[in-house]
Peer 1: 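Once you've had a glance at the structure underneath, I'll fire off some questions.
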Amino acid sequence: MAFMEKPPAGKVLLDDTVPLTAAIEASQSLQSHTEYIIRVQRGISVENSWQIVRRYSDFDLLNNSLQIVGLSLPLPPKKLIGNMDREFIAERQKGLQNYLNVITTNHILSNCELVKKFLDPNNYSASYTEIALQQVSMFFRSEPKWEVVEPLKDIGWRIRKKYFLMKIKNQPKERLVLSWADLGPDKYLSDKDFQCLIKLLPSCLHPYIYRVTFATANESSALLIRMFNEKGTLKDLIYKAKPKDPFLRKYCNPKKIQGLELQQIKTYGRQILEVLKFLHDKGFPYGHLHASNVMLEGDTCRLLDLENSLLGLPSFYRSYFSQFRKINTLESVDVHCFGHLLYEMTYGRPPDSVPVDSFPPAPSMAVVAVLESTLSCEACKNGMPTVSRLLQMPLFSDVLLTTSEKPQFKIPTKLKEALRIAKECIEKRLIEEQKQIHQHRRLTRAQSHHGSEEERKKRKILARKKSKRSAVENSEEHSAKYSNSNNSAGSGASSPLTSPSSPTPPSTAAALGLGKDVKEGKDVRVTPTSSTCASATSSSLASCEHRGAHTASAPGCEWREPRGLTQLHPEFPKRNFEESRNL
């Protein structure tokens with residue numbers, strides 16, 4: 001199926017792992033209560049945002065529902081008297097914003113159904129347990145040998161995946177687990193290929209894969225049955241949790257934080273890497289490794305949920321590795337997720353943030369070496385090692401695996417090609433998302449730098465310097481123009497007012513006291529002083545009138561250059577000028 005081809009009708013396009021952010025924009029006081037207007041945004045796109053209105057009682061109801069996690073969440077306390085005061089409302093709004101920040105930045109809380117329904121009621125209004133029961137009931141009509149014992153409420157983290165405890169009617173003591181899930185946004189297989197591959201899963205035999213007892217699918221969902229394991233998953237072992245308890249209660253706030261023994265870390269890590277290599281060699285995409293998807297049977301780890309990649313479900317750690325453009329293949333995704341798993345096995349808890357700058361003391365430096373190759377800043381920036389490279393590292397290379405079970409998983413050539421195309425489509429969507437996040441991060445950094453106090457001071461200093469430089473340049477340009485005008489007038493570029501061939505009329509010369517110089521034929525230039533300004537001006541006008549020209553009054557006493565009659569008045573006829581010269 002092509003990457004941009006129209007998705008199947010039953011496919012859910014919404015990616016539940018995209019984080020939501022919430023900001024209280026305003027508050028409005030009504031007669032008996034206050035409402036808070038909240039802007040919620042999915043991912044990095046401002047266009048993908050909406051407004052919700054919540055009262056304090058809505059926050060209180062959500063907080064009561066989240067008490068199952070055992071965390072002390074910072075909800076502002078109740079106040080019965082004076083709760084409509086403006087100052088109190090402003091202070092409470094700050095407290096509620098802090099509360100929203102805490103629950104949206106917690107990886108487990110932000111993905112739970114309670115928080116999603118609170119922030120995005122339009123997309124999460126359905127009851128997925130009821131939908132799952134309807135699908136399971138339809139299944140039992142054609143398979144009457146199965147019977148539901150009880151629903152296993154919220155034992156997983158996915159909103160659109162539900163679990164039920166099952167039994168076979170003629171074997172009432174055996175317990176099985178039925179899982180039902182919707183199709184996700186990464187489902188690119190055709191319906192025919194998808195159903196064939198789902199039904200092929202029970203034939204997969206591997207010592208480190210938890211076997212599927214039964215599997216079926218329709219155009220919108222899939223249903224699988226496995227044996228129920230009383231010991232639970234690897235995450236249950238790390239957190240000392242009961243398998244049937246809700247996911248939030250088991251893992252959100254563990255009471256005991258203690259890692260595994262070094263030998264357990266080495267053995268479990270080697271087994272998980274071996275099964276990942278097996279799947280990659282078969283061309284079967286996985287990308288869903290985490291501690292809850294590893295079942296424990298004695299000292300053996302077995303991988304769960306191979307169907308997730310076929311269903312197109314997003315990974316548990318997608319919000320982490322989508323930040324790094326070098327983690328852009330499903331193998332590199334599996335390696336990065338293995339780093340998360342190894343960190344939990346070593347320290348008994350997930351990392352606080354990724355990438356990890358420094359690692360706490362570990363049972364062995366070989367453990368730290370593997371963690372650095374998968375979770376450090378350098379690894380996230382430059383890329384992940386391969387699964388084969390991890391198997392060769394000292395932590396796992398000397399582990400001896402004793403198993404007599406031979407792996408078997410035959411995939412027809414046609415389905416292998418369909419898996420290859422689907423894998424490429426999954427990786428393309430991941431690369432496109434990483435590109436958008438990278439561009440948004442660069443833009444945010446640039447805006448933050450541009451708006452910083454230091455940058456504003458720099459811009460002010462540069463503006464002052466530019467203003468001073470511009471003023472100096474304007475002054476120099478004005479002086480140069482003035483000097484050029486003086487030089488052009490002095491070099492005879494313009495016709496002087498008096499010249500040897502055109503002597504100053506006696507009346508004008510007499511008025512200016514220059515009769516002697518005129519008689520001698522000297523070139524006379526007039527620079528009147530303030531005392532003679534008025535008489536000089538009137539004499540010049542009289543001289544012009546004698547020649548039949550009309551000249552504008554002089555602007556003052558700053559005449560330093562004599563001007564020709566054609567410059568004094570551009571319409572002065574040349575013929576009159578020649579006649580005056582002859583005279």
Peer 1: Suppose we screen for side chain to side chain contact (heavy atoms under 4.5 Å, CB included). Which residues come up paired with Ala222, at least two apart in sequence or across chains?
Peer 2: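 Ala222: side chain to side chain contact (heavy atoms under 4.5 Å, CB included) contacts with Phe194, Ile198, Ala217, Leu224, Leu311.
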Peer 1: Please round to the nearest 0.5 Å and tell me the distance separating atom OG1 of Thr104 and atom CG of Leu119.
Peer 2: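 Spacing of OG1 (Thr104) from CG (Leu119) equals 7.5 Å.
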Peer 1: If every non-hydrogen atom of Leu200 is compared with every non-hydrogen atom of Phe409, which pair is closest and at what distance?
Peer 2: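 So the minimum-distance heavy-atom pair works out to O-CE1, 4.0 Å.
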Peer 1: Once you round to the nearest 0.5 Å, how far does CG of Leu395 lie from CG of Leu342?
Peer 2: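 Leu395 atom CG to Leu342 atom CG measures 6.5 Å (nearest 0.5 Å).
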Peer 1: Ignoring hydrogens and geometry, is there a side-chain-to-backbone donor-acceptor pair from Asp193 to Leu415 under 3.5 Å?
Peer 2: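 It does not hold such a pair.
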Peer 1: Would you check if the side chain of Lys161 reaches a backbone N or O of Ala181 as a donor-acceptor pair within less than 3.5 Å?
Peer 2: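 No, Lys161 side chain to Ala181 backbone: no donor-acceptor pair under 3.5 Å.
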Peer 1: Which atoms form the tightest heavy-atom contact between Met166 and Trp146, and what is the distance?
Peer 2: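 Smallest heavy-atom distance, with atoms named: CE-CB, 3.7 Å.
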Peer 1: Find out whether Glu344 and Arg349 are in side-chain contact, i.e. whether some heavy atom of one side chain is under 4.5 Å from a heavy atom of the other.
Peer 2: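 The answer is no, as the side chains (C-beta and beyond) never meet within the 4.5 Å cut-off.
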Peer 1: To the nearest 0.5 Å, what is the distance between CD (Glu433) and OG (Ser319)?
Peer 2: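 It is 9.5 Å, given to the nearest 0.5 Å.
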Peer 1: Using a strict cut-off of less than 4.0 Å between a Lys/Arg side-chain nitrogen and an Asp/Glu carboxylate oxygen, indicate whether Glu424 and Arg420 qualify as a salt bridge.
Peer 2: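 Yes, Glu424 and Arg420 are salt-bridged.
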Peer 1: Determine, step by step, whether Leu260 and Ile238 satisfy the side chain to side chain contact (heavy atoms under 4.5 Å, CB included) criterion, reporting the C-alpha distance in whole Å, the side-chain angles of both residues, the deciding distance to 0.1 Å, and the verdict.
Peer 2: CA-CA 7 Å; Leu260 304 180; Ile238 296 171; 4.2 Å; yes
Peer 1: Using a distance-only test with no angle check, is there a side-chain donor-acceptor pair under 3.5 angstrom linking Asn123 and Asp120?
Peer 2: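 Side-chain D/A pair, Asn123 to Asp120: present.
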Peer 1: Could you tell me the separation between the CG atom of Asp236 and the CG atom of Leu296, rounded to the nearest 0.5 Å?
Peer 2: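 Rounded to the nearest 0.5 Å, the CG-CG separation comes out at 8.5 Å.
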Peer 1: Using the ring of Phe324 (Phe, Tyr or Trp, six-membered ring only), decide whether Lys381 places NZ or CZ under 6.0 Å from its centre and within 45 degrees of its axis.
Peer 2: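 Negative - Lys381 is either too far from the ring of Phe324 or too far off its axis.
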Peer 1: Run the numbers on Leu100 and Phe59 for side chain to side chain contact (heavy atoms under 4.5 Å, CB included), then give the verdict.
Peer 2: CA-CA 9 Å; Leu100 289 174; Phe59 282 91; 3.7 Å; yes
Peer 1: Does a donor on one side chain sit under 3.5 Å from an acceptor on the other, for Asp182 and Tyr128?
Peer 2: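 No, no side-chain donor-acceptor contact under 3.5 Å.
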Peer 1: Does the distance from a Lys or Arg side-chain N to an Asp or Glu carboxylate O, for Asp398 and Lys266, drop under 4.0 Å?
Peer 2: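 Looking at Lys266 together with Asp398, the answer is yes, because their closest N to O distance falls below 4.0 Å.
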Peer 1: Surrounding CD of Glu261 (heavy atoms of other residues, nucleotides or ligands, distance under 6.0 Å), is the total greater than 12?
Peer 2: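 No, because the 6.0 Å sphere around CD of Glu261 holds 12 heavy atoms or fewer from other groups.
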Peer 1: For the backbone of His107 and the side chain of Asn111, can you confirm whether one donor and one acceptor N or O come within less than 3.5 Å of each other?
Peer 2: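 Between the backbone of His107 and the side chain of Asn111 there is a qualifying donor-acceptor contact (under 3.5 Å).
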Peer 1: Are any non-hydrogen side-chain atoms of Ser309 and Phe284 less than 4.5 angstrom apart?
Peer 2: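 Yes, at least one pair of side-chain atoms sits under 4.5 Å.
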Peer 1: Would you indicate whether the side-chain heavy atoms of Phe321 and Ser315 approach each other to under 4.5 Å?
Peer 2: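 Counting from C-beta outward, Ser315 and Phe321 do come under 4.5 Å.
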Peer 1: Quick one: are the ring centres of Tyr268 and Phe396 less than 6.0 Å apart?
Peer 2: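 Centroid distance Tyr268-Phe396: not below 6.0 Å, so no.
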Peer 1: Between Arg160 and Asp16, is there a side-chain N and carboxylate O pair less than 4.0 Å apart?
Peer 2: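 The answer is yes: the pair qualifies as a salt bridge.
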Peer 1: If you count every heavy atom of other residues, nucleotides or ligands that lies below 6.0 Å from Gln171 atom CD, does the total exceed 12?
Peer 2: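 Atom CD in Gln171 is crowded, with more than 12 foreign heavy atoms closer than 6.0 Å.
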Peer 1: Under 3.5 Å, is there a donor on one side chain and an acceptor on the other for Asn308 and Tyr286?
Peer 2: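 No, because no side-chain N or O of Asn308 sits under 3.5 Å from a partner of the opposite role on Tyr286.
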Peer 1: Any donor and acceptor pair, going by atom type alone, linking the side chain of Gln434 with main-chain N or O of Ile327 inside 3.5 Å?
Peer 2: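 Yes.
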Peer 1: Between Gln41 (side chain) and Gly43 (backbone), is there a donor-acceptor pair under 3.5 Å?
Peer 2: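 It does hold such a pair.
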Peer 1: Step through the shown structure and confirm whether more than 12 heavy atoms of other residues, nucleotides or ligands are within 6.0 Å of NZ on Lys117.
Peer 2: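 Above 12, so yes.
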Peer 1: Would you say that Trp157 contacts Ile108 through its side chain, given a criterion of any heavy-atom pair below 4.5 Å between the two side chains?
Peer 2: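 No, side chains not in contact.
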Peer 1: Kindly give the heavy-atom pair with the smallest separation between Ile159 and Lys116, and that separation in Å.
Peer 2: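 The answer is CD1-CG, 3.5 Å.
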Peer 1: How long is the straight-line distance from NZ of Lys167 back to NZ of Lys145, given to the nearest 0.5 Å?
Peer 2: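 The distance works out to 15.0 Å.
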Peer 1: Is the backbone N or O of Val370 less than 3.5 Å from a side-chain atom of Ser373, with the two atoms forming a donor-acceptor pair by type?
Peer 2: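 Yes, the answer is positive, given that a donor and an acceptor are paired below the 3.5 Å cut-off.
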Peer 1: Gln97 and Asn101: side-chain donor and acceptor closer than 3.5 Å?
Peer 2: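 There is such a pair (donor and acceptor under 3.5 Å, judged by atom type) between the side chains of Gln97 and Asn101.
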Peer 1: Could you give me the CA-CA distance, side-chain angles and deciding distance for Leu71 and Asn253, then say whether side chain to side chain contact (heavy atoms under 4.5 Å, CB included) is met?
Peer 2: CA-CA 6 Å; Leu71 289 173; Asn253 185 31; 3.6 Å; yes
Peer 1: Is the backbone of Leu189 close enough, under 3.5 Å, to the side chain of Lys187 for a donor and an acceptor to pair up by distance?
Peer 2: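 It does hold such a pair.
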Peer 1: Could you verify whether a donor N or O on one side chain and an acceptor N or O on the other, from Asp305 and Tyr210, lie under 3.5 Å apart?
Peer 2: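 Side-chain D/A pair, Asp305 to Tyr210: absent.
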Peer 1: Which atom pair, heavy atoms only, marks the closest approach of Asp186 to Arg318?
Peer 2: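 Residues Asp186 and Arg318, closest heavy atoms: OD2-NH1, 3.9 Å.
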Peer 1: Would you indicate whether the side-chain heavy atoms of Asp281 and Lys277 approach each other to under 4.5 Å?
Peer 2: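 Counting from C-beta outward, Lys277 and Asp281 do come under 4.5 Å.
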Peer 1: Determine whether a donor-acceptor pair (N or O, by modelled atom type, separation under 3.5 Å) exists between the side chain of Asp334 and the backbone of Glu331.
Peer 2: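 No, the answer is negative, given that no donor and acceptor are paired below the 3.5 Å cut-off.
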Peer 1: Please check if atom CD in Gln258 has more than 12 non-hydrogen atoms from other residues, nucleotides or ligands closer than 6.0 Å.
Peer 2: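 Incorrect, the count does not exceed 12.
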Peer 1: Using the ring of each side chain (for Trp, its six-membered ring), is Tyr317 parallel, tilted or perpendicular to His340, with breaks at 30° and 60°?
Peer 2: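 Tyr317 and His340: parallel rings.
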Peer 1: Step by step, work out the salt bridge (Lys or Arg N to Asp or Glu O under 4.0 Å) result for Glu307 and Arg226.
Peer 2: CA-CA 12 Å; Glu307 70 275 8; Arg226 297 178 175 90; 2.7 Å; yes
Peer 1: Looking only at atom types and distance, does a side-chain atom of Lys250 sit under 3.5 Å from a main-chain N or O of Pro243, one as donor and one as acceptor?
Peer 2: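 Yes: the side chain of Lys250 pairs with the backbone of Pro243.
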Peer 1: Locate the shortest heavy-atom distance separating Tyr239 from Pro254; write the atom from each residue and the value.
Peer 2: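 What the structure gives for the nearest pair is CD2-CB, 3.2 Å.
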Peer 1: Is any side-chain heavy atom of Lys153 closer than 4.5 Å to a side-chain heavy atom of Tyr163?
Peer 2: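 No, their side chains stay 4.5 Å or more apart.
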Peer 1: The test is salt bridge (Lys or Arg N to Asp or Glu O under 4.0 Å); show your working for Glu297 and Arg211 and say whether it passes.
Peer 2: CA-CA 12 Å; Glu297 287 186 332; Arg211 188 171 182 181; over 6 Å; no
Peer 1: Going by the angle between their ring planes, with limits at 30° and 60°, are Tyr343 and Tyr347 parallel, tilted or perpendicular?
Peer 2: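 Plane angle between 30° and 60°, so tilted.
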Peer 1: Would you please name every residue forming a ring-ring contact (aromatic ring centres under 6.0 Å, His included) with Phe278, sequence neighbours left out?
Peer 2: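 Phe278: ring-ring contact (aromatic ring centres under 6.0 Å, His included) contacts with His206.
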Peer 1: Looking at Gln135 and Trp180, would you say the former's side chain and the latter's main chain have a donor-acceptor pair under 3.5 Å?
Peer 2: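 Here the side-chain-to-backbone pair does not exist.
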Peer 1: Classify the ring geometry of His290 against Phe316: parallel below 30°, tilted from 30° to 60°, perpendicular beyond 60°.
Peer 2: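 Because their plane-to-plane angle lies in the 30° to 60° range, the rings of His290 and Phe316 count as tilted.
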Peer 1: Heavy-atom count around Glu150 CD within 6.0 Å, excluding the residue itself: above 12?
Peer 2: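 Counting neighbours around CD of Glu150, more than 12 heavy atoms of other residues, nucleotides or ligands fall under 6.0 Å, so yes.
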Peer 1: Which atoms form the tightest heavy-atom contact between Leu401 and Gln271, and what is the distance?
Peer 2: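 Taking every non-hydrogen atom into account, CD2-CG, 3.9 Å.
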Peer 1: Given Ser49 and Thr21, is the side chain to side chain contact (heavy atoms under 4.5 Å, CB included) satisfied, shown in steps?
Peer 2: CA-CA 9 Å; Ser49 65; Thr21 55; over 6 Å; no
Peer 1: If I take atom SG from residue Cys196 and atom CG from residue Leu201, how far apart are they, to the nearest 0.5 angstrom?
Peer 2: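 With rounding to 0.5 Å, SG (Cys196) is 11.5 Å from CG (Leu201).
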Peer 1: Side chains of Asn122 and Ser125: do they bring a donor and an acceptor to under 3.5 Å?
Peer 2: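 Side chains of Asn122 and Ser125: no pair found under 3.5 Å.
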Peer 1: Answer whether the closest heavy-atom distance between the side chains of Tyr251 and Ser292 falls below 4.5 Å.
Peer 2: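 Yes; the side chains approach each other to less than 4.5 Å.
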